[in-house]
Structures are given as C-alpha cells and as structure tokens.
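Note sheet for the following structure.
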2 protein chains.
Amino acid sequence: MVGTLAPRRDIPSATVSRLPVYLRALHEFATRDVTRVSSEELAAQAGVRPTQLRKDLSHLGSHGVRGVGYDVGRLTAELTNALGLNRSWPVAVVGMGNLGRALAAYSGFATEGFHVEALFDHDPSVIGDLVGRHRIASMGELTDVVARLGIAIGVIATPANSAQDVADALVGAGVRAILNFAPVALALPEGVACRSVDLATELHVLAFLRQPERVGADVGRGQ
Amino acid sequence: MVGTLAPRRDIPSATVSRLPVYLRALHEFATRDVTRVSSEELAAQAGVRPTQLRKDLSHLGSHGVRGVGYDVGRLTAELTNALGLNRSWPVAVVGMGNLGRALAAYSGFATEGFHVEALFDHDPSVIGDLVGRHRIASMGELTDVVARLGIAIGVIATPANSAQDVADALVGAGVRAILNFAPVALALPEGVACRSVDLATELHVLAFLRQPERVGADVGRGQ
DNA sequence: CGCACTTTGTGCATTTCTTCACAAACCCCT
DNA sequence: AGGGGTTTGTGAAGAAATGCACAAAGTGCG
Ligand SMILES: NC(=O)c1ccc[n+]([C@@H]2O[C@H](COP(=O)([O-])OP(=O)(O)OC[C@H]3O[C@@H](n4cnc5c(N)ncnc54)[C@H](O)[C@@H]3O)[C@@H](O)[C@H]2O)c1
Ligand SMILES: NC(=O)c1ccc[n+]([C@@H]2O[C@H](COP(=O)([O-])OP(=O)(O)OC[C@H]3O[C@@H](n4cnc5c(N)ncnc54)[C@H](O)[C@@H]3O)[C@@H](O)[C@H]2O)c1
C-alpha cells in the first residue's frame, strides 16, 4: 500500500472478533521468547487456518516479511493499537451475585487495560460489602460514580428481568459499551456497543450438535 | 474451531445458534399466557428481524398459520425437539474456582434438561468440599464418574494452561461435547463438539467498537 | 551477484448468511 | 360463499465471509 496511513476502517466484523485471539496467541509466543512466527505457527496457536490469519491481518495493513514471517513484538503492537488497547478501560460490574463476584475477582480481567473500578447491586444487604478491593455501591450512586471514574464499559450480571433497567441506568450515566451476561436481548440506543454472553445458548447448541442425527455438524465459534 | 470441522446437516449453523434465543422468547410469551405470536412480535422479543426469524424457522419445516402467526406451545415443542432438549443432559464442571463455583450454583443451568451432576478439581485442598448438593471429586475419579453418570457435556473452568489436559481427560472418558471458558484454542478429535466462551475477546471487541474512529460500527452478536 | 527457497499479501471463486419482495394460505366478516 | 385483510414461507438478490492459488518480495547461500 502507498503512504503511511494504514487502512484502519472497514475491518470486517468477523475479523475484529478474531484479532483478540491472535493477540493472545502472540503473547503465548512472547512468553516463550519467540521473536518471529510464520502465519502457519500463529494460526495453529490461534486455532484458525493460516490463510484466514493472513487475510485478517491484511485488513490492518499489517506487514510481515515475506519469506520470513511476522515479528512478534511488532505485530503485537499493531494489534494492540488496532484494538484500542493502549489505554485504560475502567469497568463497572452491576449485580454482585455468584457470577458478578466471580467476574470481580477475575484477574484475567485486569490484563490489557481492563480494570474493574466499581461494583453495584440493588440489594441493601450486600451494599457496602467488600469484594476484592472494592466496596459494593448502591444503584443510586451509579450515575455519580460512573462519571467520576470515567467508566467506559458496564458489565451486567443481574437476573434477566432486571437487565434492561440496569442497561438503561448505565446508558443514562454515559456508558456506551455493555457486556451482558443476562439472557435477554437488550434494547439500546444507536451508538451503544453491546456484546452478550449467553450460557444457555451455548449449551443448547452443544445439545443440538450431540444429537445422534447430527453428530459432527459444526456450528462455529468452536473456538 | 479445532476438532469440530465436519460434515454439515441441513440446518445452517447461524440458524442453530439463534434457535435457543427464539425458544427463550417463546417462554417469555408463555409465562404471559400468550398463545399466539406473529413473527414480528417474536422477532422483537428475540432481538432479530422478522424476516430472519421466518427464514430460520423455515429450515425446521416449521409451520405457523398464514394470516395468524405461530402457536406458542406448538412452536416451543418443535424448537425443543429440534434442539434435542427433550432429554436430560448430565453436565460435569471441571475447575472449581471462582467461575466454576458460580456455574455450579447457577440455577439457570438446570433449565431445559441440563443438570450439573459432577464437579472436579485437582487441588487436594478443595476435593471433598460440598458445592451445592455435590461433592468435589478428584481428577482421578473422572473417568469412572463420567461413565457411571453418563456425563454428556463437560464444562472447563480451569486456568488456560490446564485446559487442554482437562479436555483430553474428558474426551478420554467419553465426553463428546465441551463448553470451554478458558482462553485457549483446544485441539480436539473429530466428532467432539466444542464451544468456547471468551471474556477477554468480548472486552477487546467492545474496546475496538468504542474507539473514537469507529463509533457506530457493528460487529454483531450485539444481542 | 544471482538463483533457489520460503512465506506473505491478495485477486478471485466459492460458500454462507441476510434481506427483499411477493405469491400462497389462512381467518373473519358480511 | 366470496372478498378483504393479514401474515407466513420462500425464491432470488445482495452482502459478507471463507478458502484457493499464485505472483510478489524477501532471505541466504554458493
Ligand atoms: N451464575 C452463573 O454461572 C451464570 C452463568 C451465565 C449467566 N448467568 C446470568 O448472569 C446473571 C446473574 O447470575 P447469578 O447467578 O450471579 O445471579 P444471582 O441471583 O446470584 O445474582 C444476581 C445479583 O443481581 C442483583 N440485582 C438484581 N436486580 C438488580 C437490579 N435491578 N440492580 C442491581 N442489582 C440487581 C441481586 O441483588 C444479586 O446480587 C443472570 O442473568 C444469569 O442468567 C449466570
Ligand atoms: N472468574 C471469571 O470471572 C472468569 C470469567 C471468564 C473466564 N474465566 C476463565 O475461567 C477459568 C477459571 O477462572 P477462575 O477465575 O475460576 O480461576 P480460579 O483460579 O479461581 O479457579 C481455577 C480452578 O481450576 C483448578 N484447576 C487448575 N488446574 C486444574 C487441572 N489440571 N485439573 C483440574 N482442576 C484444575 C484449580 O484448582 C482451581 O480451583 C480461567 O481459564 C479463566 O480465564 C474466568
């Protein structure tokens, strides 16, 4: 490509959701002090085909070296930059039940600039409790806390019937990215990014795949 | 997608992963004693477009009534049957840390025939502990217990560096469906179904979507 | 230096997924 | 019984994603 401005826009969404996987694969090589990888090695680690990896990277305008492969450090930097991971992303978790507490305690959360900075619940009997190094705040404090800490991502870990209310509260407070663990489709205004993780759906798909008539079918997201 | 590539049956995989969502939407209507829904109403509840819903259902050979809509009970039965949810699916959870305990305690797990029947960990200091109504078993017991209880689905909630070993143990014991929460691509033999849930990836995608340059982009799975 | 060898980047064909547009099918009312 | 009003089911078009095949671009050795 001509010029120094990489073609950052128009990255296909399927590609975007694989970039984090490549990034993790690169970290794996880095911890083994490997400084160069071929698309074949990296793809194997990431669980995709080499062709797909190269096509995906080509959308970033990323350049490896033909005949040699990719520089682990350089490609890591490019992916980190493309994903916007060279800044801090303060996270709030709403709903401190079983799942919320596991998430709040999750150390893997803290990698790559994601930091749990606030916890909320509406149950008076848990408000004020300490989970890790944070106190559980009430829902009434949400707007102020979100603004003061600059919360960028809200995680919803409440029961399904509260999830829409919580989403509305988060959006109202200025949060524009939501990770939802409740099994409902949230209605959100344009411009608010949302990803849902749905355990029941995953189990159902596995059940479908395990039916005798359909053994071996592949529904994707296997990795 | 390692290990899950295989022949294809006639229901498109994208459709299969939406069927559970439709099923949940139907339950929502059922609890409100609604007996008939149009594709428009059902699609709204599920967070998809009516056209998509109808196309998906058409793959099941499902029949609503033109000019009227779908019978909630009948469509529920058809979806339940298509997904293979009219039987019991004994589940085992391996790795009883923060996440594993949350999963074991998860009541939503028990719906639709999924029952957590066994818990495993390799840490001697937790083996024998009770979580809910089950005792945590050692990894040495895995093969026997899986066989005795007819475990159909294995859930991996161990750290990433143990996940492949655990997967091998599960597969060796006869489990052919795995739900993996560890952030690694598992290598699995042909014929073993696998779905991975990856929190870090979800956060990374949200970070990407929240970058100023890309406001408004949509990477899917938003609902 | 030039030739043999390796591995990337990408145009193109193929497959899969989504959306459109409308005929077919059904209910209900008169 | 027939006509008007709905809503489904689906072929066909369009969009997105995947996989193939190979030229381009680099390394390193003789
Ligand atoms: N536990 C799991 O393993 C698991 C796995 C996948 C998905 N989920 C989903 O995650 C969600 C939480 O699951 P859980 O097992 O932690 O449930 P839980 O009942 O243990 O915890 C829910 C928490 O949310 C709080 N809450 C309820 N309404 C609220 C509101 N309006 N505002 C603020 N807080 C509110 C409750 O006080 C409680 O502390 C559910 O939607 C569940 O379906 C859970
Ligand atoms: N905690 C979360 O919220 C969360 C969210 C998403 C994903 N994850 C992922 O889920 C996994 C578990 O997370 P966690 O926070 O519960 O970790 P954890 O450290 O709290 O628990 C891990 C458990 O696995 C057990 N274990 C380790 N190696 C084992 C082996 N070879 N065989 C059997 N058991 C073994 C350990 O004894 C421990 O009890 C990790 O891969 C993590 O990345 C966690």
Side-chain angles (χ1 to χ4, degrees), chain A residues 1-3 6-7 9-19 21-22 26 34-44 46-72 74-75 78-79 205 217-223, chain B residues 1-2 4-19 21-22 26 34-44 46-72 74-75 78-79 205 217-223:
Chain A
M1 291 297 142
V2 186
R9 273 156 207 276
D10 291 1
I11 302 181
S13 59
T15 292
V16 172
S17 48
R18 279 186 299 266
L19 295 182
V21 180
Y22 302 154
L26 283 168
V34 175
T35 57
R36 277 182 183 176
V37 280
S38 66
S39 61
E40 181 148 358
E41 296 165 319
L42 191 55
V48 303
R49 308 248 175 276
T51 294
Q52 180 143 78
L53 172 75
R54 294 204 302 275
K55 174 72 88 180
D56 283 339
L57 294 182
S58 77
H59 292 297
L60 302 183
S62 159
H63 289 282
V65 180
R66 296 182 189 210
V68 176
Y70 300 91
D71 181 87
V72 172
R74 174 143 175 259
L75 187 54
E78 285 183 39
L79 287 181
V205 172
D218 175 19
V219 170
R221 290 204 58 238
Q223 291 298 321
Chain B
M1 254 172 232
V2 176
T4 54
L5 292 170
R8 185 154 293 280
R9 203 185 151 314
D10 55 340
I11 302 181
S13 59
T15 292
V16 172
S17 49
R18 281 187 297 266
L19 296 182
V21 180
Y22 302 154
L26 283 167
V34 176
T35 57
R36 279 179 180 178
V37 280
S38 66
S39 61
E40 181 149 358
E41 296 165 319
L42 190 55
V48 303
R49 307 234 188 290
T51 298
Q52 173 120 259
L53 172 75
R54 295 205 301 274
K55 175 67 88 180
D56 283 339
L57 294 183
S58 77
H59 292 297
L60 302 183
S62 158
H63 290 282
V65 181
R66 298 182 189 211
V68 176
Y70 300 90
D71 181 86
V72 172
R74 175 145 175 257
L75 187 54
E78 286 184 36
L79 287 181
V205 173
D218 176 18
V219 169
R221 291 204 56 234
Q223 302 290 309

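In what follows, every chain begins at residue 1, and chains take the letters A, B, ... in the order their sequences are listed.
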* Asked: Which part of the nucleic acid, if any, lies within contact of A:R18, taking any heavy atom under 4.0 Å across all strands shown: a base, the sugar-phosphate backbone alone, or nothing?
  -> sugar-phosphate
* Asked: Which one, D:dA17, C:dT7, D:dT27, comes nearest to the side chain of A:R66?
  -> C:dT7
* Give a yes/no answer on whether the side chain of B:T15 brings an N or O atom under 4.0 Å of OP1 or OP2 in C:dT16. => no
* **From CG (B:L57) to CG (B:L53), nearest 0.5 Å** => 4.5 Å
* Structure fact -> A:L57 CG to C:dT7 P, in whole Å, measures 16 Å
* Asked: What is the distance from CZ of B:R54 to C1' of C:dA24, rounded to the nearest Å?
  -> 13 Å
* Which listed nucleotide (C:dT8, D:dT27, D:dA17) is nearest to the side chain of A:V68? -> D:dT27
* Compare the minimum distances between each of D:dA17, C:dG9, D:dT8 and the side chain of B:S38, then state the nucleotide with the smallest one. => D:dT8
* To the nearest Å, give me how far apart OH (B:Y70) and P (D:dT6) are. => 18 Å
* **5' precedence on DNA chain D between A:G67 and B:G69 (nearest-nucleotide basis)** => B:G69
* Between C1' of D:dA16 and CD of B:Q52, the distance in whole Å -> 13 Å
* To do: Give the nucleotide from the list C:dC17, D:dG9, C:dC26 with an atom nearest to the side chain of B:H63.
  => D:dG9
* Asked: Looking only at N and O atoms, is any donor in the side chain of B:K55 or the base of D:dG9 less than 3.5 Å from an acceptor on the other one?
  -> no
* Distance in angstrom units between B:L75 CG and D:dG9 C1', rounded -> 14 Å
* To do: Provide, to the nearest angstrom, the distance between the CZ atom belonging to A:R49 and the P atom belonging to D:dA17.
  => 19 Å
* Would a distance-only check, ignoring hydrogens and angles, find a side-chain to backbone donor-acceptor pair under 3.5 Å from A:E41 to A:S38? -> yes
* Asked: Ignoring hydrogens and geometry, is there a side-chain-to-backbone donor-acceptor pair from B:R74 to B:G64 under 3.5 Å?
  -> no
* Taking the side chain as every heavy atom from C-beta outward, state whether A:L26 and A:L79 have any pair of such atoms under 4.5 Å apart. => yes
* Asked: Nearest-Å distance, CG (B:L53) to C1' (D:dT10)?
  -> 14 Å
* Looking only at side-chain N and O atoms, does B:S39 come under 4.0 Å of OP1 or OP2 in D:dG9? -> no
* Quick one: does B:Y22's side chain get under 4.5 Å of B:L75's, heavy atoms only? -> no
* Would you classify A:T51 as touching base, sugar-phosphate or nothing, given that sugar-phosphate means primed atoms plus P, OP1 and OP2, and contacts are heavy atoms under 4.0 Å? => base
* A:D56 CG to D:dA16 C1': how many Å, rounded? -> 13 Å
